[in-house]
There are 2 protein chains.
Amino acid sequence: MGRHREFDPDEALHVALQVFRRQGYEGTSISDLTDAMGITRPSLYAAFGNKEDLFRQALDLYERQHLCFAHAALQAPTAQESVERLLRGYADVLTDPTNPPGCLGVNGAVACSEASEAIREELIARRMVNENNLRDRLEQARSNGDFPKNEDPTDWARYVVSIGLGMAVKAASGASREELHRVVDFAMRGWPTVPA
Amino acid sequence: MGRHREFDPDEALHVALQVFRRQGYEGTSISDLTDAMGITRPSLYAAFGNKEDLFRQALDLYERQHLCFAHAALQAPTAQESVERLLRGYADVLTDPTNPPGCLGVNGAVACSEASEAIREELIARRMVNENNLRDRLEQARSNGDFPKNEDPTDWARYVVSIGLGMAVKAASGASREELHRVVDFAMRGWPTVPA
DNA sequence: AGCGAATTATACCGGTCAGTAGGATAGTTG
DNA sequence: CAACTATCCTACTGACCGGTATAATTCGCT
(Lines give C-alpha, C1' and ligand atoms only; values in the text may rest on other atoms or scores of the structure.)
Protein backbone atom coordinates (compact mmCIF):
# COMPACT_ATOMS: atom_id res chain seq x y z
CA MET A 1 0.00 0.00 0.00
CA GLY A 2 1.12 3.55 -0.58
CA ARG A 3 2.56 5.31 -3.56
CA HIS A 4 4.96 3.39 -5.82
CA ARG A 5 8.62 4.36 -6.18
CA GLU A 6 9.20 6.14 -9.45
CA PHE A 7 12.85 5.09 -9.76
CA ASP A 8 14.69 1.79 -9.74
CA PRO A 9 16.81 1.67 -6.56
CA ASP A 10 19.23 -0.80 -8.11
CA GLU A 11 19.75 1.39 -11.14
CA ALA A 12 20.16 4.44 -8.91
CA LEU A 13 22.75 2.60 -6.83
CA HIS A 14 24.72 1.81 -9.96
CA VAL A 15 24.81 5.50 -10.76
CA ALA A 16 25.86 6.38 -7.22
CA LEU A 17 28.66 3.83 -7.50
CA GLN A 18 29.94 5.56 -10.61
CA VAL A 19 29.98 8.95 -8.90
CA PHE A 20 31.72 7.64 -5.78
CA ARG A 21 34.22 5.81 -7.92
CA ARG A 22 35.12 8.98 -9.81
CA GLN A 23 35.09 11.51 -6.97
CA GLY A 24 35.70 9.47 -3.84
CA TYR A 25 33.61 9.52 -0.70
CA GLU A 26 34.56 12.94 0.57
CA GLY A 27 34.62 14.54 -2.86
CA THR A 28 31.06 13.51 -3.59
CA SER A 29 28.21 15.69 -2.30
CA ILE A 30 24.61 14.64 -1.86
CA SER A 31 23.73 17.05 -4.65
CA ASP A 32 26.25 15.35 -6.96
CA LEU A 33 24.49 12.09 -6.20
CA THR A 34 20.89 13.25 -6.58
CA ASP A 35 21.72 15.05 -9.82
CA ALA A 36 23.31 11.94 -11.31
CA MET A 37 20.72 9.53 -9.93
CA GLY A 38 17.84 11.71 -11.10
CA ILE A 39 16.09 11.66 -7.73
CA THR A 40 15.46 14.20 -5.00
CA ARG A 41 17.20 14.42 -1.65
CA PRO A 42 14.40 12.95 0.45
CA SER A 43 14.07 10.04 -1.99
CA LEU A 44 17.76 9.29 -1.58
CA TYR A 45 17.59 9.36 2.20
CA ALA A 46 14.41 7.26 2.27
CA ALA A 47 15.86 4.60 -0.01
CA PHE A 48 19.47 4.41 1.13
CA GLY A 49 19.78 6.00 4.59
CA ASN A 50 22.52 8.59 4.90
CA LYS A 51 25.60 9.26 2.79
CA GLU A 52 27.71 6.74 4.67
CA ASP A 53 25.06 4.01 4.31
CA LEU A 54 24.77 4.72 0.61
CA PHE A 55 28.52 4.48 0.16
CA ARG A 56 28.63 1.14 1.90
CA GLN A 57 25.85 -0.16 -0.33
CA ALA A 58 27.72 1.10 -3.39
CA LEU A 59 30.82 -0.65 -2.07
CA ASP A 60 28.91 -3.90 -1.64
CA LEU A 61 27.61 -3.61 -5.18
CA TYR A 62 31.10 -2.85 -6.44
CA GLU A 63 32.59 -5.94 -4.85
CA ARG A 64 29.67 -8.08 -6.00
CA GLN A 65 29.69 -6.83 -9.56
CA HIS A 66 33.28 -5.85 -10.35
CA LEU A 67 35.50 -7.79 -8.00
CA CYS A 68 33.66 -11.09 -8.36
CA PHE A 69 36.41 -12.40 -10.62
CA ALA A 70 38.71 -12.62 -7.61
CA HIS A 71 36.92 -15.59 -6.10
CA ALA A 72 37.28 -17.58 -9.30
CA ALA A 73 40.90 -16.50 -9.68
CA LEU A 74 41.80 -17.92 -6.28
CA GLN A 75 40.51 -21.29 -7.42
CA ALA A 76 42.97 -21.62 -10.25
CA PRO A 77 45.02 -24.83 -10.05
CA THR A 78 48.29 -23.21 -8.95
CA ALA A 79 49.23 -20.32 -6.73
CA GLN A 80 51.08 -18.59 -9.54
CA GLU A 81 48.11 -18.89 -11.83
CA SER A 82 45.79 -17.58 -9.12
CA VAL A 83 47.94 -14.51 -8.57
CA GLU A 84 48.32 -13.79 -12.24
CA ARG A 85 44.58 -14.09 -12.83
CA LEU A 86 44.01 -11.87 -9.84
CA LEU A 87 46.28 -9.13 -11.10
CA ARG A 88 45.17 -9.33 -14.74
CA GLY A 89 41.50 -9.37 -13.81
CA TYR A 90 42.08 -6.39 -11.56
CA ALA A 91 43.92 -4.53 -14.35
CA ASP A 92 40.87 -5.02 -16.54
CA VAL A 93 38.46 -3.78 -13.89
CA LEU A 94 40.64 -0.73 -13.21
CA THR A 95 40.54 0.28 -16.86
CA ASP A 96 37.02 -0.86 -17.78
CA PRO A 97 36.08 1.83 -20.31
CA THR A 98 32.43 1.88 -19.18
CA ASN A 99 33.39 3.06 -15.68
CA PRO A 100 35.59 5.74 -14.15
CA PRO A 101 39.18 4.48 -14.02
CA GLY A 102 40.58 3.08 -10.79
CA CYS A 103 39.14 1.16 -7.88
CA LEU A 104 36.43 2.29 -5.51
CA GLY A 105 38.34 0.63 -2.69
CA VAL A 106 41.21 3.05 -3.30
CA ASN A 107 39.57 6.09 -4.88
CA GLY A 108 36.94 6.02 -2.14
CA ALA A 109 39.34 7.32 0.49
CA VAL A 110 43.10 7.16 0.98
CA ALA A 111 43.47 10.23 3.20
CA CYS A 112 40.52 12.24 4.46
CA SER A 113 39.17 14.46 7.22
CA GLU A 114 38.21 13.04 10.59
CA ALA A 115 34.57 13.16 9.51
CA SER A 116 35.21 10.39 6.99
CA GLU A 117 37.58 8.34 9.08
CA ALA A 118 35.02 5.54 9.48
CA ILE A 119 34.87 5.08 5.71
CA ARG A 120 38.63 5.14 5.37
CA GLU A 121 38.94 2.42 7.98
CA GLU A 122 36.20 0.37 6.37
CA LEU A 123 38.13 0.43 3.11
CA ILE A 124 41.35 -0.56 4.84
CA ALA A 125 39.56 -3.47 6.48
CA ARG A 126 38.05 -4.66 3.21
CA ARG A 127 41.40 -4.52 1.46
CA MET A 128 42.87 -6.53 4.31
CA VAL A 129 40.21 -9.20 3.82
CA ASN A 130 41.38 -9.62 0.24
CA GLU A 131 45.00 -9.79 1.33
CA ASN A 132 44.15 -12.44 3.92
CA ASN A 133 42.20 -14.47 1.37
CA LEU A 134 45.23 -14.48 -0.88
CA ARG A 135 47.51 -15.40 2.02
CA ASP A 136 45.23 -18.36 2.81
CA ARG A 137 45.41 -19.44 -0.82
CA LEU A 138 49.21 -19.29 -0.75
CA GLU A 139 49.32 -21.26 2.47
CA GLN A 140 47.15 -23.89 0.86
CA ALA A 141 49.51 -23.88 -2.13
CA ARG A 142 52.44 -24.37 0.18
CA SER A 143 50.76 -27.44 1.62
CA ASN A 144 50.01 -28.68 -1.86
CA GLY A 145 53.63 -28.24 -2.87
CA ASP A 146 53.26 -25.61 -5.58
CA PHE A 147 54.59 -22.81 -3.40
CA PRO A 148 58.02 -23.06 -1.71
CA LYS A 149 58.06 -24.06 1.95
CA ASN A 150 60.64 -21.42 2.81
CA GLU A 151 58.57 -18.51 1.44
CA ASP A 152 56.17 -16.56 3.64
CA PRO A 153 52.58 -16.44 2.30
CA THR A 154 51.85 -13.35 4.42
CA ASP A 155 54.72 -11.44 2.86
CA TRP A 156 53.84 -12.56 -0.65
CA ALA A 157 50.18 -11.68 -0.23
CA ARG A 158 51.20 -8.20 0.94
CA TYR A 159 53.45 -7.87 -2.09
CA VAL A 160 50.73 -8.86 -4.54
CA VAL A 161 48.20 -6.55 -2.95
CA SER A 162 50.71 -3.71 -3.05
CA ILE A 163 51.16 -4.27 -6.77
CA GLY A 164 47.39 -4.11 -7.16
CA LEU A 165 47.12 -0.90 -5.14
CA GLY A 166 49.86 0.67 -7.21
CA MET A 167 48.06 -0.30 -10.41
CA ALA A 168 44.87 1.23 -8.98
CA VAL A 169 46.57 4.58 -8.44
CA LYS A 170 48.16 4.39 -11.89
CA ALA A 171 44.77 3.62 -13.44
CA ALA A 172 43.21 6.59 -11.65
CA SER A 173 46.08 8.63 -13.09
CA GLY A 174 45.21 7.63 -16.64
CA ALA A 175 47.29 4.49 -17.25
CA SER A 176 45.99 2.24 -20.02
CA ARG A 177 45.02 -1.40 -19.73
CA GLU A 178 48.08 -2.43 -21.71
CA GLU A 179 50.39 -0.48 -19.42
CA LEU A 180 48.93 -2.17 -16.37
CA HIS A 181 49.30 -5.59 -17.90
CA ARG A 182 52.93 -4.82 -18.51
CA VAL A 183 53.26 -4.03 -14.81
CA VAL A 184 51.80 -7.46 -14.11
CA ASP A 185 54.36 -9.03 -16.46
CA PHE A 186 57.20 -7.65 -14.38
CA ALA A 187 55.50 -8.30 -11.05
CA MET A 188 55.30 -12.01 -11.89
CA ARG A 189 58.95 -12.31 -12.87
CA GLY A 190 60.12 -12.76 -9.32
CA TRP A 191 57.53 -15.37 -8.46
CA PRO A 192 59.20 -18.15 -6.47
CA THR A 193 59.50 -21.64 -7.90
CA VAL A 194 59.51 -24.81 -5.86
CA PRO A 195 62.94 -26.50 -5.87
CA ALA A 196 62.82 -29.59 -8.09
CA MET B 1 58.42 49.62 7.80
CA GLY B 2 55.29 47.98 9.08
CA ARG B 3 54.57 45.50 11.81
CA HIS B 4 56.67 42.35 12.01
CA ARG B 5 55.22 38.93 11.38
CA GLU B 6 54.62 37.10 14.62
CA PHE B 7 55.00 33.61 13.16
CA ASP B 8 57.67 31.86 11.15
CA PRO B 9 56.24 31.18 7.66
CA ASP B 10 58.61 28.27 7.13
CA GLU B 11 57.61 26.66 10.39
CA ALA B 12 53.94 27.25 9.62
CA LEU B 13 54.40 25.66 6.19
CA HIS B 14 55.87 22.58 7.81
CA VAL B 15 52.77 22.28 9.94
CA ALA B 16 50.49 22.77 6.93
CA LEU B 17 52.42 20.02 5.15
CA GLN B 18 51.69 17.67 8.02
CA VAL B 19 47.97 18.41 7.92
CA PHE B 20 47.74 18.03 4.15
CA ARG B 21 49.71 14.83 4.32
CA ARG B 22 47.32 13.35 6.87
CA GLN B 23 44.00 14.59 5.50
CA GLY B 24 44.64 15.21 1.82
CA TYR B 25 43.85 18.40 -0.08
CA GLU B 26 40.09 18.14 -0.12
CA GLY B 27 39.83 16.74 3.41
CA THR B 28 41.70 19.70 4.86
CA SER B 29 39.78 22.87 5.68
CA ILE B 30 41.27 26.31 6.17
CA SER B 31 40.20 26.07 9.80
CA ASP B 32 42.12 22.80 10.17
CA LEU B 33 45.17 24.61 8.84
CA THR B 34 44.90 27.79 10.90
CA ASP B 35 44.25 25.78 14.08
CA ALA B 36 47.34 23.63 13.51
CA MET B 37 49.53 26.48 12.31
CA GLY B 38 48.50 28.72 15.18
CA ILE B 39 47.67 31.68 12.96
CA THR B 40 44.48 33.42 11.87
CA ARG B 41 42.76 33.13 8.52
CA PRO B 42 43.88 36.50 7.15
CA SER B 43 47.47 35.77 8.16
CA LEU B 44 47.34 32.53 6.21
CA TYR B 45 45.95 34.19 3.10
CA ALA B 46 48.43 37.08 3.34
CA ALA B 47 51.41 34.76 3.68
CA PHE B 48 50.52 31.90 1.34
CA GLY B 49 47.76 33.05 -1.06
CA ASN B 50 44.76 30.75 -1.24
CA LYS B 51 44.34 27.11 -0.29
CA GLU B 52 45.60 25.85 -3.63
CA ASP B 53 48.69 28.05 -3.48
CA LEU B 54 49.43 26.85 0.04
CA PHE B 55 49.10 23.22 -1.00
CA ARG B 56 51.53 23.72 -3.86
CA GLN B 57 54.03 25.34 -1.50
CA ALA B 58 53.62 22.44 0.92
CA LEU B 59 54.17 20.08 -1.99
CA ASP B 60 57.34 21.89 -2.99
CA LEU B 61 58.58 21.69 0.59
CA TYR B 62 57.69 18.00 0.73
CA GLU B 63 59.68 17.19 -2.38
CA ARG B 64 62.58 19.34 -1.24
CA GLN B 65 62.69 17.93 2.28
CA HIS B 66 61.42 14.36 2.07
CA LEU B 67 61.95 13.21 -1.49
CA CYS B 68 65.42 14.64 -1.84
CA PHE B 69 66.93 11.17 -1.43
CA ALA B 70 65.64 10.26 -4.90
CA HIS B 71 68.16 12.44 -6.71
CA ALA B 72 71.05 10.75 -4.94
CA ALA B 73 69.53 7.32 -5.45
CA LEU B 74 69.47 7.81 -9.21
CA GLN B 75 73.19 8.44 -9.15
CA ALA B 76 74.04 5.02 -7.75
CA PRO B 77 76.54 3.15 -9.93
CA THR B 78 74.08 0.64 -11.36
CA ALA B 79 70.44 0.76 -12.42
CA GLN B 80 69.53 -2.01 -10.02
CA GLU B 81 71.15 -0.21 -7.14
CA SER B 82 69.42 3.03 -8.10
CA VAL B 83 66.03 1.39 -8.10
CA GLU B 84 66.59 -0.42 -4.85
CA ARG B 85 67.78 2.77 -3.13
CA LEU B 86 64.77 4.56 -4.59
CA LEU B 87 62.29 2.06 -3.21
CA ARG B 88 63.97 1.62 0.16
CA GLY B 89 64.35 5.35 0.66
CA TYR B 90 60.71 5.80 -0.25
CA ALA B 91 59.66 3.07 2.19
CA ASP B 92 61.46 4.97 4.94
CA VAL B 93 59.81 8.29 4.04
CA LEU B 94 56.39 6.64 3.92
CA THR B 95 56.77 5.31 7.45
CA ASP B 96 58.79 8.12 9.01
CA PRO B 97 57.40 8.08 12.56
CA THR B 98 57.63 11.86 12.90
CA ASN B 99 55.13 12.42 10.07
CA PRO B 100 51.72 11.09 9.07
CA PRO B 101 52.17 7.81 7.19
CA GLY B 102 52.03 7.77 3.42
CA CYS B 103 53.05 10.18 0.68
CA LEU B 104 51.67 13.66 0.10
CA GLY B 105 51.82 12.99 -3.63
CA VAL B 106 49.30 10.18 -3.16
CA ASN B 107 47.38 11.15 -0.03
CA GLY B 108 46.95 14.65 -1.43
CA ALA B 109 44.39 13.55 -4.01
CA VAL B 110 43.67 10.28 -5.82
CA ALA B 111 39.99 10.93 -6.60
CA CYS B 112 38.25 14.20 -5.81
CA SER B 113 35.50 16.61 -6.77
CA GLU B 114 35.78 18.80 -9.85
CA ALA B 115 36.72 21.70 -7.60
CA SER B 116 40.04 20.03 -6.80
CA GLU B 117 40.72 18.62 -10.23
CA ALA B 118 43.62 21.03 -10.77
CA ILE B 119 45.41 19.66 -7.70
CA ARG B 120 44.77 16.07 -8.75
CA GLU B 121 46.30 16.75 -12.15
CA GLU B 122 49.25 18.55 -10.62
CA LEU B 123 50.00 15.48 -8.51
CA ILE B 124 49.69 13.19 -11.53
CA ALA B 125 52.11 15.41 -13.44
CA ARG B 126 54.65 15.44 -10.61
CA ARG B 127 54.50 11.67 -10.26
CA MET B 128 55.08 11.40 -13.99
CA VAL B 129 58.18 13.55 -13.71
CA ASN B 130 59.63 11.04 -11.25
CA GLU B 131 58.72 8.17 -13.53
CA ASN B 132 60.39 9.88 -16.47
CA ASN B 133 63.52 10.60 -14.45
CA LEU B 134 63.78 6.92 -13.62
CA ARG B 135 63.17 5.96 -17.24
CA ASP B 136 66.01 8.27 -18.28
CA ARG B 137 68.27 6.62 -15.71
CA LEU B 138 67.40 3.17 -17.06
CA GLU B 139 68.03 4.31 -20.59
CA GLN B 140 71.41 5.55 -19.53
CA ALA B 141 72.04 2.21 -17.83
CA ARG B 142 71.13 0.43 -21.04
CA SER B 143 73.74 2.47 -22.87
CA ASN B 144 76.26 1.71 -20.15
CA GLY B 145 75.55 -1.99 -20.40
CA ASP B 146 74.17 -2.64 -16.93
CA PHE B 147 70.58 -2.93 -18.13
CA PRO B 148 69.57 -5.39 -20.87
CA LYS B 149 69.18 -3.99 -24.40
CA ASN B 150 65.96 -5.93 -24.95
CA GLU B 151 64.18 -4.49 -21.91
CA ASP B 152 62.04 -1.35 -22.15
CA PRO B 153 63.08 1.41 -19.68
CA THR B 154 59.63 3.02 -20.00
CA ASP B 155 57.90 -0.17 -18.93
CA TRP B 156 60.34 -0.81 -16.10
CA ALA B 157 60.06 2.74 -14.80
CA ARG B 158 56.26 2.38 -14.76
CA TYR B 159 56.62 -0.88 -12.87
CA VAL B 160 58.90 0.60 -10.23
CA VAL B 161 56.68 3.64 -9.76
CA SER B 162 53.65 1.37 -9.44
CA ILE B 163 55.42 -0.53 -6.66
CA GLY B 164 56.08 2.77 -4.95
CA LEU B 165 52.48 3.92 -5.27
CA GLY B 166 51.26 0.62 -3.87
CA MET B 167 53.61 0.98 -0.91
CA ALA B 168 52.32 4.52 -0.38
CA VAL B 169 48.73 3.27 -0.10
CA LYS B 170 49.83 0.43 2.17
CA ALA B 171 51.71 2.89 4.38
CA ALA B 172 48.65 5.13 4.60
CA SER B 173 46.76 1.99 5.62
CA GLY B 174 49.09 1.35 8.52
CA ALA B 175 51.80 -0.90 7.05
CA SER B 176 55.09 -0.89 8.95
CA ARG B 177 58.49 0.02 7.61
CA GLU B 178 59.60 -3.63 7.79
CA GLU B 179 56.55 -4.76 5.81
CA LEU B 180 57.28 -2.26 3.07
CA HIS B 181 60.91 -3.32 2.87
CA ARG B 182 59.75 -6.87 2.41
CA VAL B 183 57.64 -5.67 -0.52
CA VAL B 184 60.81 -4.15 -1.96
CA ASP B 185 62.61 -7.47 -1.52
CA PHE B 186 60.09 -9.21 -3.73
CA ALA B 187 59.81 -6.34 -6.20
CA MET B 188 63.54 -6.60 -6.89
CA ARG B 189 63.49 -10.35 -7.48
CA GLY B 190 62.45 -10.02 -11.08
CA TRP B 191 65.01 -7.38 -11.92
CA PRO B 192 66.54 -8.21 -15.30
CA THR B 193 70.19 -9.15 -15.57
CA VAL B 194 72.37 -8.46 -18.58
CA PRO B 195 73.29 -11.63 -20.46
CA ALA B 196 76.94 -12.50 -19.80
C1' DA C 1 -15.92 7.06 -2.77
C1' DG C 2 -12.85 7.51 1.07
C1' DC C 3 -9.14 6.10 4.25
C1' DG C 4 -4.25 5.09 5.32
C1' DA C 5 0.35 4.47 3.74
C1' DA C 6 4.29 5.39 1.02
C1' DT C 7 6.71 8.49 -2.22
C1' DT C 8 7.04 12.81 -4.13
C1' DA C 9 8.75 17.89 -4.30
C1' DT C 10 9.67 22.32 -2.07
C1' DA C 11 11.78 24.61 1.05
C1' DC C 12 14.21 24.81 4.84
C1' DC C 13 17.63 23.68 9.17
C1' DG C 14 22.15 24.76 11.58
C1' DG C 15 26.81 24.32 10.44
C1' DT C 16 30.83 24.76 7.69
C1' DC C 17 33.12 25.94 3.36
C1' DA C 18 36.78 29.27 1.10
C1' DG C 19 37.75 33.83 1.15
C1' DT C 20 37.68 39.00 2.74
C1' DA C 21 36.49 43.77 4.66
C1' DG C 22 37.84 46.88 8.11
C1' DG C 23 39.57 48.48 12.18
C1' DA C 24 43.09 47.86 15.84
C1' DT C 25 48.05 47.20 16.73
C1' DA C 26 52.95 47.39 16.34
C1' DG C 27 56.86 48.48 14.00
C1' DT C 28 60.02 51.69 11.01
C1' DT C 29 61.05 56.33 9.35
C1' DG C 30 61.06 61.16 9.57
C1' DC D 1 56.18 63.30 18.38
C1' DA D 2 53.57 62.25 13.80
C1' DA D 3 53.16 59.71 9.36
C1' DC D 4 53.32 55.51 7.11
C1' DT D 5 53.03 50.63 6.50
C1' DA D 6 52.51 45.87 7.21
C1' DT D 7 50.45 42.50 10.15
C1' DC D 8 47.04 41.45 13.50
C1' DC D 9 42.19 40.00 14.94
C1' DT D 10 37.09 40.13 14.80
C1' DA D 11 33.53 39.56 12.24
C1' DC D 12 31.53 38.84 8.21
C1' DT D 13 30.11 37.26 3.09
C1' DG D 14 27.58 34.11 -0.10
C1' DA D 15 27.67 29.45 -1.24
C1' DC D 16 27.45 24.89 -0.11
C1' DC D 17 27.47 20.96 3.30
C1' DG D 18 24.54 16.75 5.14
C1' DG D 19 20.11 16.08 6.60
C1' DT D 20 14.94 16.94 7.42
C1' DA D 21 10.10 19.02 8.23
C1' DT D 22 6.08 19.61 5.78
C1' DA D 23 2.71 19.03 2.63
C1' DA D 24 1.05 17.53 -1.90
C1' DT D 25 0.53 13.39 -4.54
C1' DT D 26 -0.44 8.70 -5.74
C1' DC D 27 -1.28 4.24 -4.85
C1' DG D 28 -3.78 -0.16 -2.44
C1' DC D 29 -7.44 -1.34 0.24
C1' DT D 30 -12.18 -1.45 2.12
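Given the structure is predicted, the values throughout are model-derived calculations rather than measurements. In what follows, chains carry the letters A, B, and so on, assigned in the order in which the sequence lines appear, proteins first and then strands, with residues in each chain numbered from 1.
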Enquirer: Mind telling me whether W156(B) and F186(A) have parallel, tilted or perpendicular rings, with 30° and 60° as the class edges?
Expert: parallel
Enquirer: Within residues 2-15 of chain A, which residues have any heavy atom lying less than 4.0 Å from an atom of DNA chain D?
Expert: G2(A), R3(A), H4(A)
Enquirer: Looking at DNA chain D, which of residues 22-54 of chain A put a heavy atom within less than 4.0 Å of it?
Expert: T28(A), S29(A), I30(A), S31(A), R41(A), P42(A), Y45(A), N50(A), K51(A)
Enquirer: Charged N to carboxylate O below 4.0 Å: is that the case for E139(B) and K149(B)?
Expert: no
Enquirer: What I'd like to find out is whether the side chain of M167(A) reaches to under 4.5 Å of the side chain of C103(A), using heavy atoms alone.
Expert: no
Enquirer: Is any side-chain heavy atom of R21(B) closer than 4.5 Å to a side-chain heavy atom of H66(B)?
Expert: yes
Enquirer: Do W191(A) and Y159(A) have ring centroids that are under 6.0 Å from one another?
Expert: no
Enquirer: Please identify the 5'-most and 3'-most nucleotides of DNA chain D with any atom under 4.0 angstrom from a heavy atom of chain A.
Expert: dC17(D) to dG28(D)
Enquirer: With a 4.5 Å limit on heavy-atom distance, are the side chains of E63(B) and L104(B) in contact?
Expert: no
Enquirer: Counting heavy atoms not belonging to E114(A), are there more than 12 under 6.0 Å from its CD?
Expert: no
Enquirer: Which pairs would a plain distance check flag for residues 5-12 of chain A, meaning a side-chain donor or acceptor within less than 3.5 Å of a matching protein atom at least two apart in sequence or in another chain?
Expert:
residue	atom	partner	partner atom	Å
E6(A)	OE2	R3(A)	NH2	2.9
D8(A)	OD1	D10(A)	N	3.0

Enquirer: Does any part of the side chain of F55(B), heavy atoms only, come nearer than 4.5 Å to the side chain of L123(B), both counted from C-beta?
Expert: yes
Enquirer: Check this for me: does any side-chain nitrogen of one of E179(A) and R158(B) sit under 4.0 Å from a carboxylate oxygen of the other?
Expert: yes
Enquirer: Assess whether a salt bridge exists between R88(A) and E81(A), defined as any Lys/Arg side-chain N lying under 4.0 Å from an Asp/Glu carboxylate O.
Expert: no
Enquirer: Under a criterion of less than 4.0 angstrom to any heavy atom of chain B, what are the 5'-terminal and 3'-terminal contacting nucleotides of DNA chain C?
Expert: dC17(C) to dT28(C)
Enquirer: Throw together a table of side-chain donor-acceptor distances under 3.5 angstrom for residues 43-52 of chain A, partners on residues two or more places apart or in other chains.
Expert:
residue	atom	partner	partner atom	Å
S43(A)	OG	T40(A)	OG1	3.2
N50(A)	OD1	E52(A)	N	3.2
N50(A)	OD1	D53(A)	N	2.9
K51(A)	NZ	Y25(A)	O	3.0
K51(A)	NZ	T28(A)	O	2.7
E52(A)	OE2	R56(A)	NH1	2.8

